[in-house]
Amino acid sequence: MKSVKSINEENISRCRKQRGFTLIELLVVLIILGLVAMFAVPQAMKFLGGAKSDAAQIQIQNLGTILDLYRLETGRYPNQDEGLEALVQKPAGAEVWNGPYIKKRAMIIDPWGRPYVYVFPGNKSDYDLYSLGADGAEGGEGENKDVVSW
């Protein structure tokens, strides 16, 4: 038969095995997770910004192809007043128009939520088509860099 003392020692031993994490152990885990996040989040944001710039470049190339098709069918590029809207809706006075050349107005909006800038006649080519990047201002570096058609 077991003594009361040995039964109490077993219960105490069992309780020690079942106890949870200490506050210090939890703090160490939180610090490690914080350090990992501190290095991982900026890298992820850099890739996200690069993805938006890449998407803008592809969209500008697609819009350029569509503008060339518009010119082929109508004999001219949209003028400054018509802008890229001429690809979505028939402009006043357009005799030959086989559009819409793009189905959604969202295609003339850059990945940062602003309309692409269309200049006709262009300074760099027949027309200039560009996005001002994440900051919405001319120039810039990285994600803020302008994305241009020329």
Side-chain angles (χ1 to χ4, degrees), residues 11-150:
N11 287 340
I12 292 172
S13 175
R14 201 176 314 133
C15 287
R16 284 186 182 157
K17 289 180 185 176
Q18 292 178 353
R19 72 177 191 185
F21 295 106
T22 66
L23 183 59
I24 292 179
E25 290 169 329
L26 290 174
L27 287 174
V28 168
V29 169
L30 288 174
I31 289 171
I32 290 170
L33 288 174
L35 290 172
V36 169
M38 187 171 71
F39 291 108
V41 169
Q43 291 299 321
M45 294 306 289
K46 184 167 61 170
F47 288 125
L48 178 62
K52 283 187 176 185
S53 295
D54 293 345
Q57 187 64 53
I58 291 168
Q59 288 172 352
I60 285 173
Q61 289 173 354
N62 288 340
L63 285 171
T65 302
I66 293 167
L67 283 165
D68 290 339
L69 175 63
Y70 180 94
R71 179 177 165 254
L72 187 66
E73 291 184 352
T74 63
R76 64 178 180 83
Y77 288 112
N79 63 37
Q80 187 66 42
D81 292 333
E82 296 167 342
L84 296 177
E85 276 292 317
L87 303 175
V88 181
Q89 188 172 12
K90 183 177 182 178
E95 295 175 21
V96 180
W97 190 83
N98 295 321
Y101 295 91
I102 55 177
K103 302 251 186 243
K104 298 179 183 176
R105 280 186 170 74
M107 291 181 64
I108 58 177
I109 305 295
D110 71 14
W112 297 279
R114 290 183 298 277
Y116 283 103
V117 179
Y118 175 75
V119 178
F120 181 81
N123 297 318
K124 307 285 184 182
S125 62
D126 292 334
Y127 62 86
D128 294 347
L129 181 62
Y130 58 96
S131 168
L132 296 173
D135 63 354
E138 289 191 20
E141 297 289 323
E143 188 179 345
N144 295 331
K145 184 178 178 184
D146 298 347
V147 183
V148 298
S149 62
W150 57 89

Any residue meeting side-chain contact (heavy atoms from CB on, under 4.5 Å) with Arg71, in chain and number order, not counting sequence neighbours: Tyr77
Sequence-distant partners of Glu95, side-chain contact (heavy atoms from CB on, under 4.5 Å), two or more places apart: none
Within residues 25-44 or reaching into it, pairs that qualify as ring pair (Phe, Tyr, Trp, His ring centres under 6.0 Å) - sequence neighbours excluded: none
OH-OG distance between Tyr130 and Ser149, expressed to the nearest 0.5 angstrom: 9.5 Å
Asp146: side-chain contact (heavy atoms from CB on, under 4.5 Å) partners, not counting sequence neighbours: Leu132, Glu138, Val148
Inter-residue atom distance Tyr101.OH - Lys90.NZ, 0.5 Å rounding: 9.5 Å
Which atom of Ala86 lies closest to which atom of Pro78, heavy atoms considered: CB-CB, 3.8 Å
Inter- and intrachain pairs under salt bridge (charged side-chain N to carboxylate O under 4.0 Å, His left out), touching residues 97-118, at least two apart: Glu85-Arg105
From Tyr70 atom OH to Leu84 atom CG, the distance as rounded to the nearest 0.5 Å: 10.5 Å
Within 6.0 angstrom of Glu25 CD, more than 12 heavy atoms from elsewhere: yes
Atom pair CD1 (Ile109) and OH (Tyr116), whose distance is rounded to the nearest 0.5 Å: 9.0 Å
Contacts of Lys124 that satisfy side-chain contact (heavy atoms from CB on, under 4.5 Å) - sequence neighbours left out: Asp128, Trp150
